[in-house]
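Have a look at the structure below before the remarks.
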Amino acid sequence: MTTPSLSTPAPSTPALSLSGPPYDFLALVDGRPVDARYRFDVHHPYTGQVVGSAPLMTADDVLRAVRLAAEPHETPSRFERSQILLRAAARLEAEAEAVARLITWESGLCLKDTRHEVARTLDVLRFAASEALRDDGECYACDTSAHGRDRRAYTLRQPVRLVAAITPFNHPLNQVAHKVAPAIAACAPMVLKPSEKTPLAGMWLVHALNEAGLPPNMLSVVTGRPEVVCPILVEHPDVEVVAFTGGVKIGKQIALQAGYKRTVLELGGNAPLIVMGDADLDEAAALAVGGAYKNSGQRCTAVKRLLVHHDLADAFVDRFTAASEALKVGDPFDEDTDLGTVIDEPAAIRLEEQAERILAEGAKLRYGLRRKGAQLWPTVMDHVPQDSEAIREEAFGPLAPIQRFGSVDEAIALANGTPYGLAAGVCTNDAKAMLRFVRELRHGTVNIREVPGFRTEATPFGGIKDSGLGVKEGVVYAIKAMSNLKLYTLPWH
């Protein structure tokens, strides 16, 4: 992670001002907006201009936030929690365009992508509001064996004492919502640290929830250098759950530091889209373009590899290349732009170098490998060797390496042949092949005739291997992760 640049202290605009940059938001601790002695700047990746700032909080600031969050707090009813989430959703819906533009300012993502992110966040808030009303307790008869008794056993879900959440830069609003909204539904207090590269939209959402009536110490947001903030959140004894979305290296460090704590780690991916010989060519090409390039390719479930059957490969590659060339790369605020920037110029340079390594291994460039600052054009590479080392790395951007195969066995071996196991998509109409892929692909999600990343905001989501520990997110499962299941029994006579 890069070290954020410092700015001198400056008066902050109101917490929820969306009139345009600069967005100088305040942190929120125990329901109170707070600043710090110093702030750090947030830059627009397309132009480099400063578009806002956030407090550069010290270790003492973070410790105070954790201490206050762990103190006894109000426990709003299920109905009250649901209403808070719905009020925040209404606020977001009313200001959807302004929030989308805020995300574009801090991330460089085009408006087409950030408007979609706002819409997904509305789903998260509303699903969580619905789940807040649900009691998933169960009842068991206890006289069902010779050793039983005439009793009834019940389950009760209770919130953990405190959740620490650490979110990435690629979905500045929705990744925050996926941590915060389930915590509210579960009535679990949370301290949130958004990415220092894109903290602004997440901070706005936390303030919106506060104004929607969330009790003060149920949700705090702290900002600053990850090496200062994160160890405290991960190691503090009052934190019972650590929820992290980000890179594999940092995720494994967190797992080591957390020790005997519940960790929910949603890490990287290297998702394949498998195109079988019987696939619909138009459908497969459209799925490949959307899967590879939406959000500038910066999604853990983006299509990172295209595995195409020999029978269809030449026609597919021609069609996919033409569609890639047709995309408009440019100013993220231009309504016609399809790809804005990646998060910053160093990230674009790393992607450029990765593409060059793939080509050096013998792949053929069909289109792209053009960079301007933080902007990288779609890059289509065909005939990537099956033993490519560079393709085993996660490419967090608009690279589209293509490998060819001749059988289902070969496709499964290629798809499973990286350290990651998050998501996969398959284009086929062969029912027998579908079942083999569902059973044999070692990924947390397998989608047939759909991009690897498709899901709703309520469905379970998460990976295996270097993509995570198998603990699921998604609103329903995140609520389970942020609560404990208690068994109690009562006499029944």
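Keep in mind that the numbers below use all heavy atoms, side chains included, and drop hydrogens, waters and symmetry copies.
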One should read off an interatomic distance between Thr114 OG1 and Asn174 CG, to the nearest 0.5 angstrom, of 12.5 Å
Counting C-beta onward and ignoring hydrogens, is there a side-chain heavy-atom pair between Val234 and Ile166 closer than 4.5 Å?
yes
Are the charged groups of Glu389 and Arg392 less than 4.0 angstrom apart, N to O?
yes
Could Lys261 and Glu235 be called an ion pair, given the rule that one side-chain N must be under 4.0 Å from one carboxylate O?
no
For His309 and Gly406, indicate whether the former's side chain and the latter's backbone hold a donor-acceptor pair under 3.5 Å.
yes
Nearest-0.5 Å distance, CG of residue Asp24 to CZ of residue Arg39:
5.0 Å
Check this for me, if you would: do Glu457 and Arg120 make a salt bridge, where the nitrogen-to-carboxylate-oxygen distance has to be below 4.0 angstrom?
yes
I'd like to know if the side chain of Lys179 pairs up with that of Thr245 as donor and acceptor (distance under 3.5 Å, no hydrogens or angles considered).
yes
Between Ala177 and Val124, which heavy-atom pair has the shortest distance, and what is it?
O-CG1, 3.5 Å
Identified side-chain hydrogen bond (donor to acceptor under 3.5 Å, both in side chains) partner of Asn270 from the options Glu394, Arg305, Lys304
Arg305
Parallel, tilted or perpendicular: which one describes the rings of His44 and Phe333, with boundaries at 30° and 60°?
tilted
Side chains of Val222 and Ile232 in contact at under 4.5 Å (non-hydrogen atoms):
no
Does CZ in Arg115 sit with more than 12 non-hydrogen atoms of other residues, nucleotides or ligands closer than 6.0 Å?
yes
Arg442, CZ: over 12 other non-hydrogen atoms inside 6.0 angstrom
no
Heavy-atom side-chain proximity of Pro199 to Phe40 below 4.5 angstrom:
yes
Minimum side-chain heavy-atom gap Leu441-Asn416 below 4.5 Å
yes
Using atom types as modelled and distance alone, determine if a side-chain donor or acceptor of Glu106 lies under 3.5 Å from a backbone N or O of Leu200.
yes
With no hydrogens and no angle check, is any side-chain donor or acceptor of Gln298 less than 3.5 Å from a backbone partner on Val342?
no
For Pro226 and Lys193, which heavy atoms make the closest approach, and how far apart are they?
CA-CE, 4.0 Å
Side chain Lys480, main chain Lys472, donor-acceptor under 3.5 Å
no
For a side-chain contact (heavy atoms from CB on, under 4.5 Å) check, start with the C-alpha distance between Leu28 and Leu219, then their side-chain angles and the critical distance, and finish with the verdict.
CA-CA 8 Å; Leu28 190 75; Leu219 178 61; 5.8 Å; no
Taking everything shown except Lys372 itself, do over 12 heavy atoms lie less than 6.0 Å from its NZ?
no
So which atom in Val264 and which in Ala481 form the shortest heavy-atom distance, rounded to 0.1 Å?
CG2-CB, 3.8 Å
Below 30° counts as parallel, above 60° as perpendicular, anything between as tilted: where do the rings of Phe25 and Tyr23 land?
perpendicular
With heavy-atom distances below 4.5 Å as the criterion, would you say the side chains of Asn170 and Ile343 are in contact?
no
Passes side-chain contact (heavy atoms from CB on, under 4.5 Å), Cys300 versus Phe461? Steps please.
CA-CA 12 Å; Cys300 56; Phe461 172 73; 4.1 Å; yes
Yes or no on side-chain contact (heavy atoms from CB on, under 4.5 Å) for Cys427 and Leu273, after CA distance, side-chain angles and deciding distance?
CA-CA 7 Å; Cys427 296; Leu273 181 67; 4.0 Å; yes
How many angstroms lie between NZ in Lys112 and CG in Leu339, if you round to the nearest 0.5 Å?
9.5 Å
Asp61: side-chain hydrogen bond (donor to acceptor under 3.5 Å, both in side chains) partners, not counting sequence neighbours
Thr58
Verify the distance criterion only: is there a donor paired with an acceptor across the side chains of Asn447 and Arg455 at less than 3.5 Å?
no
Non-hydrogen atoms of Ala363 and Pro385 that approach each other most closely
N-CD, 4.1 Å
Got a sec, which residues hit side-chain hydrogen bond (donor to acceptor under 3.5 Å, both in side chains) with Asp430, two or more places apart in sequence or on another chain?
none
So, Ser107 and Thr198: side-chain donor and acceptor under 3.5 Å apart, yes or no?
no
Heavy-atom donor-acceptor pair, Glu117 side chain to Leu173 backbone, under 3.5 Å
yes
Centroid-centroid distance, His310 to Phe405, less than 6.0 Å
no
Does Pro194 reach the side chain of Val221, with side-chain heavy atoms less than 4.5 Å apart?
yes
Distance-only, no hydrogens or angles: does the Lys328 side chain make a donor-acceptor pair with backbone N or O of Asp338 under 3.5 Å?
no
Separation between CG (Leu351) and CZ (Phe396), nearest 0.5 Å, reads 9.5 Å
Run the numbers on Met203 and Leu192 for side-chain contact (heavy atoms from CB on, under 4.5 Å), then give the verdict.
CA-CA 9 Å; Met203 295 176 76; Leu192 164 75; over 6 Å; no
Verify, without hydrogens or angle tests, whether Thr379 (side chain) and Leu369 (backbone) share a donor-acceptor contact under 3.5 angstrom.
yes
Is atom NZ of Lys294 surrounded by more than 12 heavy atoms (other residues, nucleotides or ligands) closer than 6.0 Å?
no
Does Val380 reach the side chain of Ile402, with side-chain heavy atoms less than 4.5 Å apart?
yes
Check whether Ser407 reaches the backbone of Glu410 with its side chain - one donor and one acceptor, N or O, closer than 3.5 Å.
yes
Has the side chain of Arg371 got a donor or acceptor atom that lies under 3.5 Å from a matching backbone atom of Gly373?
yes
Output yes when a side-chain donor or acceptor of Arg319 lies under 3.5 Å from a complementary backbone atom of Ala286, and no otherwise.
no
Which atom of Thr428 lies closest to which atom of Ala433, heavy atoms considered
OG1-CB, 4.4 Å
Tell me if the OH atom of Tyr367 is crowded by more than 12 foreign heavy atoms within 6.0 Å.
yes
Hey, could you give me the OH/NE2 distance between Tyr420 and His443, rounded to the nearest 0.5 Å?
11.5 Å
Output the distance between atom CG (Leu265) and atom CD (Glu473), rounded to the nearest 0.5 Å.
9.0 Å
Arg436 versus Asp409: any side-chain heavy-atom pair under 4.5 Å?
yes
SB check Glu97 Arg101 (cutoff 4.0 Å):
yes
Compare every heavy atom of Pro452 with every heavy atom of Thr301, then report the nearest pair and how far apart it is.
O-CB, 3.7 Å
